[in-house]
Amino acid sequence: MGAVCHTVNPRLSEEDIAFILNDAADAVLFADPGFAPLVAALAPRVPALRAVVLLGEGAPPPLPPGIALHDYETLLAAEAGEQAWPVFGENTASALCYTSGTTGRPKGVLYSYRSAMLHAYAANTADAFAFRATDRVLVGAGMFHATGWAMPYCAPMAGAALVLPGRHLDGASLVRLLNAERVTFASAVPTIWLDVLQALERSGARLETLRRVASGGSAVPRAMIEGLGRHGVAVQQAWGMTETSPTVTINAPLAAHAELDAEAAMRVRLKQGRVLCGADIRITDAEGAELPWDGIAFGDLEARGHWVCQAYLNRGEEGAADADGWFRTGDVASIDAEGYAEMVDRSKDVIKSGGEWISSIQLENIAVSHPDVLEAAVIAAHHPRWQERPLLLVVPKPGRALAPDSVAALYEDGRVARWWRPDAVLLVEALPHTATGKLNKRALRQDYQDYLLRQPPG
Ligand code: ADP
C-alpha cells in the first residue's frame, strides 16, 4: 500500500520505545492486546500517533483524545477482498528497523522496496538460504530484528511456509513447535539454539523434520554446530546487521574443502562466510588503507552493496557511508584468501591488552566447548599494567558442578597464545542478554570491569 512497516521490539525499555516511535514519527500503532498497559503509557508521549489497532480480543488501552482505537478484524471485514496494488518507485521506503542499541542509542535504518527485494533474491541463492516451496521456515528472530532477518521476504518468495513462534522462544517450546509444524529450516541467534540443545538433552526428544539452521547475530560456537549436527541438522553461519538488511556473508563450502580433514573443515565452518553477490566487503587499518585477504591481517570491516545502508534516519552525517558507499560496520575481522570473513570482535568488545588485541569471541568459543559450560562471556577488565585483560564469566549447565580451573585449563592446549588466557574465571548463575538475545556486554562491563583492580596483587 506504500506505507512503511516499522517493527518495534516491545522488550526494550519504555523510554527507548518512546524515543523510537517519535524518531520514526509513527502514525498508526498495531499491538497485541497483551501490550495494552505499554500502549497506554506510550500513546500520550507520541504526538504523531493518530490510531491504535488492536490485533485480537482483550481490554483496550485508555487513549488520549485524538487517537482512534480500531479492532483489526473489524477493519478487515469492512473491506473488499481485492487489493489494487499501487505503483510507485522502487526506492520508496518499505520498512524501518532500529538497531537494538547493543552499542548505544537505537538508530533507525529505513529499507526500500528495491533493497529488500535485491537482498531477498541474493539471500535465496543456492549457497545461501535456498528456500524451496517444500520448506517450512521458522523465524526465530523477531520481526523487529532486521525484519526477522528478511525471512518473511525470502520464504514467501519461494513459496515456502512461515512458522512464527511469537514470544515462546524457550528451548522446550521451540522443540515442540519445530516438530508439530514440521519445520525444515529455522533461523535464530546462537543463544536460542544452545537453549534448544539443552531442552533436547533434558527431554531426550528428537528433531523430526528440521534439517537446516541459519544462525548469526553473534558468533556461532563449535558446540552448537556439533550439538545440532548430532541431531542431523546442518548449521549455516551468516553475518550481517540491521544496517545491511541483514545478510552480507554466508558460510557455505567450496569444492576444495571436500579434501579437508574434520578439524580443518570445522575451522572453516566457524568463519562468518563469503560475501553474497550484490554486496562487497573489505577490511581497513586505522588510516583507512585496505588490508590483505590473507586470513591473518585484521581490521575494520566495511561493507557496501544494494542492501547496505547509506545513512541512519534523522542522524545527518553520523555513521553515514563514505562517498564510494562503504559503510563502517563497527566490527573487526580478517578475510582469508578464499574470501571467508572471520569476525575477531566488535570494535567495542575487543580486549586491548598492552596495545595488542585479544578476541573475546575466540575465548568464548573455547569456554563453551567445555562439557559443563552452558554459556560464556569474555569482557575487557581494567588492569593496572596492561590497561585491559580478559575476564571470563561462565554459566554452568544446570545440575553440573563446574570447577573454574577446568575451564581455565582449556586455554593451555595452544589454541590461543599464552597472553590471551583469561586473568580470571568467574562462575555466575546467568548472563544478561540484550533485547535481540545477544550477550549484553555493556551491562557486564559495568558490573565487572573493575574486578581485577579489586583483587589483591599477585
Ligand atoms: P545490534 O547492533 O543492536 O546488536 P544487530 O543485529 O544489527 O543489532 O547487530 C549486528 C552485529 O552483530 C554485527 O555488527 C556483529 O557485531 C554481530 N554479528 C552478526 N552476525 C554475527 C556472526 N555470525 N558472528 C559474530 N558476530 C555477528
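We're numbering straight along the sequence, starting at 1. First listed ligand is number 1; within each ligand, the first listed atom is number 1.
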Mind listing the closest non-hydrogen atom pair of Pro221 and Val368 along with its distance? CB-CG2, 3.5 Å
Close-contact set for ligand 1 against [X] heavy atoms, below 4.0 Å:
| X | value |
| --- | --- |
| Gln237 | 22 (C), 23 (N), 24 (N) |
| Arg346 | 1 (P), 2 (O), 4 (O), 9 (O), 10 (C), 11 (C), 12 (O), 13 (C), 14 (O), 15 (C), 16 (O) |
| Ala219 | 24 (N), 25 (C), 26 (N) |
| Gly216 | 20 (N), 23 (N) |
| Met241 | 7 (O), 10 (C), 14 (O) |
| His145 | 5 (P), 6 (O) |
| Thr99 | 3 (O) |

Look at the side chain of [X] and the backbone N and O of [Y], then say whether any donor-acceptor pair between them is shorter than 3.5 Å.
| X | Y | answer |
| --- | --- | --- |
| Thr147 | Trp149 | no |
| Asp135 | Ala160 | no |
| Asp413 | Arg415 | yes |
| Glu375 | Ala430 | no |
| Asn124 | Cys154 | yes |

Indicate yes or no: does Asp300 engage Arg328 in a salt bridge with an N to O separation below 4.0 Å. yes
I need the contact type for Gln272 against ligand 1. Using non-hydrogen atoms and a strict under-4.0 Å cut-off, is it side chain, backbone, both or neither? side chain
Below the 3.5 angstrom mark, is there an N/O of Thr242, backbone or side chain, next to an N/O of ligand 1? yes
With only distance considered, is Ile361 within less than 3.5 Å of ligand 1 through an N or O on each side? no
Nearest heavy atom to atom 13 (C) of ligand 1, choosing from Thr244, Asn9, Asp331, Thr329, belongs to Asp331
Within the structure, is a non-hydrogen atom of [X] found at a distance of less than 4.0 Å from ligand 1?
| X | value |
| --- | --- |
| Ala238 | yes |
| Ser218 | yes |
| Ala146 | no |

Is it the case that more than 12 heavy atoms not belonging to Arg167 sit under 6.0 Å from its CZ atom? no
Starting from the C-alpha separation in whole Å, work towards a yes-or-no answer on ring-ring contact (aromatic ring centres under 6.0 Å, His included) for Tyr340 and His257. CA-CA 13 Å; Tyr340 287 75; His257 297 162; 5.5 Å; yes
